[in-house]
Amino acid sequence: MASRLYALPEFYDIAFSWDLSEEIGFFKRSFKEHVPFPVRRILEPACGTGRFLRTLPADGFRITGYDINPTILRYAEDSLAAARCEGSVRTLLANMVSADIPGEFDAAFISINSIGHLHSDEDIVSHLKATGLSLREGGIYIVHLNFAHEGGLPAGDCWTMERDGVSVKTWWRILSEDMESRLSHQVGSFEVRRDGKVERFDDRHTLRLWLSSDLQDLVHRSGQFEIAAIYGEEFEELNDTEHLSGELGNVYVILQKLDVANLPIP
Ligand SMILES: C[S@@+](CC[C@H](N)C(=O)[O-])C[C@H]1O[C@@H](n2cnc3c(N)ncnc32)[C@H](O)[C@@H]1O
């Protein structure tokens, strides 16, 4: 089930309005290190309110973002118009499961565990296939996700962001992780302060619970990618890519598009 907080894009956009420059710097280093040609055209599945769509054109990229939620997408389009970067950005209403996005992209990325909205193995494989088909051979798909915890669950996060006199305090916590169904049950809330009033919005949602063995298996089943590298929260390369757990926080998995036409016949 989608988060109810996605129905409040103006508050979502404030809650997640932290500076993206370090993350974008990491994307640019990954493009240089892993892609054998210059990266210009980027695809962002599940683009949300357009945080990255508004930022990446300043670095000369052309970017296409898509999302399944028309309310969020409309917010993204309005904010792109206000930021005057529509020329380098295209937005589409589409579902990650089947999104067949025209145009050959050099790279793609999906941020803050948005891929977790795909729960079943079949949906994930279908998404990886569709994304692979949109990419040039040698291009990369940077997938930002987190794995099941090995010890206890973390206490949860709480932070406050403010813009134009509107303050949004956000809480996020994992309630339970179910290894059998591979689902992570989570709660989130926004407390919004504006014009001297306080409103609170609460939500429960469910995301895919990732195990590193499932990641290896589903990437292999997609037939489109191989895992080129995995980086931690501080953008450091992780050496032990077989043994990944939630204690690492959100990690960046670099999937490289295979030369599908020249794969050996099994
Ligand atoms: C956590 S938000 C992140 C948005 C954006 N990536 C960001 O970093 O701000 C997850 C997004 O995934 C979108 N989403 C969920 N399921 C989807 C699907 N099946 N296809 C496309 N987008 C989806 C939601 O509408 C929401 O905008």
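Numbers for residues simply follow the sequence, beginning at 1. Note that ligands are numbered from 1 as they come in the structure, with each ligand's atoms numbered from 1 the same way. Reckoned from all heavy atoms, side chains included, excluding hydrogens, waters and symmetry mates.
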Student: Stepwise, does the side-chain hydrogen bond (donor to acceptor under 3.5 Å, both in side chains) test hold for Arg54 with Ser79?
Tutor: CA-CA 8 Å; Arg54 290 192 296 271; Ser79 72; 2.7 Å; yes
Student: Would you check the N or O atoms of Met96, main chain and side chain alike, for any that come under 3.5 Å of an N or O of ligand 1?
Tutor: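 Right, the criterion is met.
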Student: Which of parallel (below 30°), tilted (30 to 60°) and perpendicular (above 60°) describes Trp159 and Trp18?
Tutor: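 Perpendicular, since the angle between the ring planes exceeds 60°.
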Student: Can you tell me if Gln186 and Ser184 form a side-chain donor-acceptor pair at under 3.5 Å?
Tutor: yes
Student: Measure the distances from the heavy atoms of Tyr6 to every atom of ligand 1 and state whether one is below 4.0 angstrom.
Tutor: yes
Student: How many angstroms lie between CZ in Arg136 and CZ in Arg41, if you round to the nearest 0.5 Å?
Tutor: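 If we round to the nearest 0.5 Å, Arg136:CZ and Arg41:CZ are 6.0 Å apart.
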Student: Between Glu104 and Leu135, is there a side-chain heavy-atom distance shorter than 4.5 Å?
Tutor: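 Not in contact.
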Student: Please report, to 0.1 Å, the donor-acceptor pairs under 3.5 Å made by any side chain of residues 225-237, with sequence neighbours excluded.
Tutor:
residue	atom	partner	partner atom	Å
Tyr231	OH	His34	NE2	2.9
Glu233	OE2	Asn250	N	3.4
Glu236	OE1	Glu234	N	3.0

Student: Quick one: OG on Ser120 to CZ on Arg208, what's the gap to the nearest 0.5 Å?
Tutor: 7.5 Å
Student: Checking one residue: Leu73. Which other hydrophobic residues are in its cluster under the side-chain 4.5 Å linking rule?
Tutor: Leu93
Student: List ligand 1 atoms under 4.0 Å from Ala94, heavy atoms only on the residue side.
Tutor: 20 (N), 21 (C)
Student: Need the ligand 1 atom indices (1-based, order shown) with element for anything under 4.0 Å from a heavy-atom of Asn95.
Tutor: 18 (C), 19 (N), 20 (N)
Student: Looking at Ser114, which atoms of ligand 1 are within less than 4.0 Å of one of its heavy atoms?
Tutor: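 It comes down to these atoms of ligand 1: 1 (C), 2 (S), 3 (C), 6 (N), 10 (C).
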Student: Is Asp178 reaching over with its side chain to a backbone N or O of Ser181, donor-acceptor style, under 3.5 angstrom?
Tutor: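 A pair under 3.5 Å: yes.
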Student: Looking only at distances, can you tell me whether any N or O atom of Ala46, backbone or side chain, sits closer than 3.5 Å to an N or O atom of ligand 1?
Tutor: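 N/O-N/O distance under 3.5 Å: yes.
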Student: So do Ser212 and His243 actually touch side chain to side chain, heavy atoms under 4.5 Å?
Tutor: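 No. Closest side-chain heavy atoms not under 4.5 Å.
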Student: Hey, which atoms in ligand 1 end up nearer than 4.0 Å to a heavy atom of Arg51?
Tutor: 7 (C), 8 (O), 9 (O)
Student: From the options Ile115, Ile68, Thr71, select the one whose nearest heavy atom is closest to atom 21 (C) of ligand 1.
Tutor: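 Checking each option, the heavy atom nearest atom 21 (C) of ligand 1 is found in Ile68.
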Student: Can Ala99 be said to touch ligand 1, with heavy atoms closer than 4.0 Å?
Tutor: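 No.
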Student: In this structure, does ligand 1 have an atom that sits under 4.0 Å from one of the heavy atoms of Glu44?
Tutor: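 Yes, that is the case, since the closest heavy atom of the residue is under 4.0 Å from the ligand.
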Student: Report, in ascending order of atom number, the atoms of ligand 1 lying under 4.0 Å from any heavy atom of Tyr12.
Tutor: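 In order of number, 1 (C), 2 (S), 3 (C), 4 (C), 9 (O).
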Student: Can Thr49 be said to touch ligand 1, with heavy atoms closer than 4.0 Å?
Tutor: no
Student: Going by the order shown, which atoms of ligand 1 are within less than 4.0 Å of some heavy atom of Cys47?
Tutor: 5 (C)
Student: Name the option, out of Asp67, Asn69, Leu93, that contains the heavy atom nearest to atom 24 (C) of ligand 1.
Tutor: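 Minimum heavy-atom distance to atom 24 (C) of ligand 1 goes to Asp67.
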Student: Could you list which atoms of ligand 1 come closer than 4.0 Å to a heavy atom of Ser111?
Tutor: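 In order of numbering, the contacting atoms are 5 (C), 6 (N), 7 (C), 8 (O).
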